[in-house]
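Here is the structure we will look at, set down as structure tokens.
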Amino acid sequence: MTEPKLSATARVLRLLDLLQSRPVWSGSELARRLGVSTRSIRRDIELLRELGYPVKADHGAGGGYQLGVGRRLPPLLLNDDEAVAVAVCLRLAAGGTIEGLGEAAVRTLAKLDQVLPAALRAQVDAIHHATVTLDPTVPVVDGKILLALARGIRDHELVTFDYTSPLGSGERRVEPYRLVATMRKWYLLGYDVLRGDWRTFRLDRMSDVRTPGWRFRPRPAPDAAAYVGREVSQTVYEHVARIRIEADCDSVRKAIPPGAGTVTPDGDGCILETGGDDLDEMARQLALVPWRMTVLDPPELQQAMRRLGERLLGRSTPGSSPGEPDELGGWWSEQ
């Protein structure tokens, strides 16, 4: 089947689409599909190579043109169905269903969303809203909020949004710096213009994110991962604990996610700093750590650990009920 008469640019893009659709094409097949001579096909192939597409040409029986693997990734050409499929998969990855891909997925989704036609964007939204999760404890983040913040970070554009926290509600005006994903939650690190300081915001507590069109000059910023990790694991809690663990830091970091505490080397062991509002709950969580440890502070946590040890040994202490079951879950799930 011959394609309708195309401009030179449109023909090259269509040629790329054909090369991506199957492994090998003969020059005569491509010429017939595009309605041009094989000489024009050779010129278009050279243009694709100049643009970074590694097109191989094998002569003889069974030979032809083949799109190969290059040293760098050239721009991809997607049809409508492929674009919708990629956008849906990126939203799933951004939601934390694929470990380690969340932040990259958001950046990629922001690029795709910028050029996605309205009709295709509606298809992606329909699939997203028709999908449910069997884990109701994971906060749901609106994909539009992720995209708006990602674009604000990329373009150095001020964002405003309504924010609800345990301390109250109100409008925030922020210079967005980084999105950080930890423990299946999303956080924004940004400079709060009204408060004149860096702040961390949970995305599931945001609504009505707006970009009024004001650009800002990026200012020196703290390390995003370290700042957010410290904020969500210590600053927001009534009690902050320091525990020395007799194990190498790499092993401890694998067992304790950044959102649960910060881990720093200390001789042949490491120091865990973490926070919580309930000392007895902190003691129960620490009991799950499989290494010898010493609670450095606060003293109240030492007492809570001692009470828990006595209970586990079957001894009764004032204020506790013998035989009362302990609910030992995973590491801190709500930050």
Side-chain angles (χ1 to χ4, degrees), residues 1-94 98 100-125 127 143 146-157 178-179 211 215 218:
M1 181 180 67
T2 302
E3 297 284 344
K5 191 68 174 178
L6 302 171
S7 68
T9 302
R11 189 178 68 239
V12 171
L13 291 175
R14 179 59 183 144
L15 173 60
L16 176 59
D17 188 38
L18 291 172
L19 290 172
Q20 289 179 156
S21 67
R22 80 182 203 197
V24 180
W25 288 86
S26 69
S28 58
E29 286 180 301
L30 292 172
R32 186 168 60 253
R33 291 292 294 269
L34 296 175
V36 296
S37 66
T38 55
R39 183 178 180 181
S40 294
I41 293 297
R42 289 194 294 271
R43 285 200 302 265
D44 292 344
I45 290 293
E46 286 304 316
L47 180 56
L48 286 176
R49 288 170 176 161
E50 291 175 8
L51 293 173
Y53 294 94
V55 183
K56 301 177 181 178
D58 295 324
H59 303 286
Y65 294 106
Q66 181 179 14
L67 192 60
V69 178
R71 288 174 295 181
R72 61 184 179 86
L73 180 66
L76 298 178
L77 188 65
L78 303 175
N79 62 32
D80 288 357
D81 291 340
E82 292 166 343
V84 169
V86 170
V88 169
C89 291
L90 287 171
R91 283 202 176 187
L92 291 174
I98 304 176
L101 291 185
E103 294 180 64
V106 171
R107 292 196 302 270
T108 309
L109 188 56
K111 294 178 182 178
L112 183 59
D113 184 75
Q114 188 173 13
V115 297
L116 205 62
L120 299 186
R121 192 179 294 111
Q123 290 185 39
V124 175
D125 289 340
I127 295 172
L146 277 170
L147 292 173
L149 295 175
R151 284 193 292 265
I153 292 169
R154 181 193 63 194
D155 300 335
H156 306 307
E157 189 172 0
R178 286 289 185 274
L179 287 167
T211 52
R215 298 293 182 91

Would one find more than 12 heavy atoms of other residues, nucleotides or ligands at under 6.0 Å from atom CZ of Arg39?
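Result for CZ/Arg39: open.
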Distance, nearest 0.5 Å, that separates [atom1] of [X] from [atom2] of [Y]:
{"X": "Arg14", "Y": "Leu30", "atom1": "CZ", "atom2": "CG", "result": "10.0 Å"}
{"X": "Leu19", "Y": "Ile45", "atom1": "CG", "atom2": "CD1", "result": "5.0 Å"}
{"X": "Leu13", "Y": "Thr9", "atom1": "CG", "atom2": "OG1", "result": "7.0 Å"}
{"X": "Leu146", "Y": "Arg151", "atom1": "CG", "atom2": "CZ", "result": "10.5 Å"}
{"X": "Leu34", "Y": "Leu18", "atom1": "CG", "atom2": "CG", "result": "5.5 Å"}
{"X": "Gln66", "Y": "Lys56", "atom1": "CD", "atom2": "NZ", "result": "6.0 Å"}

Are Leu15 and Tyr65 side-chain neighbours, meaning at least one heavy-atom pair lies under 4.5 Å?
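A side-chain contact under 4.5 Å is absent here.
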Between Gly27 and Thr38, what is the shortest heavy-atom contact and its length?
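In terms of heavy atoms, the two residues are closest at O-CG2, 3.9 Å.
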How far apart are the closest heavy atoms of Ser37 and Ala31, and which atoms are they?
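Looking at all heavy atoms of both residues, the closest pair is C-CB, 3.9 Å.
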Carboxylate-amine/guanidinium proximity below 4.0 Å for Arg49 and Glu46:
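Answer for the salt bridge query: yes.
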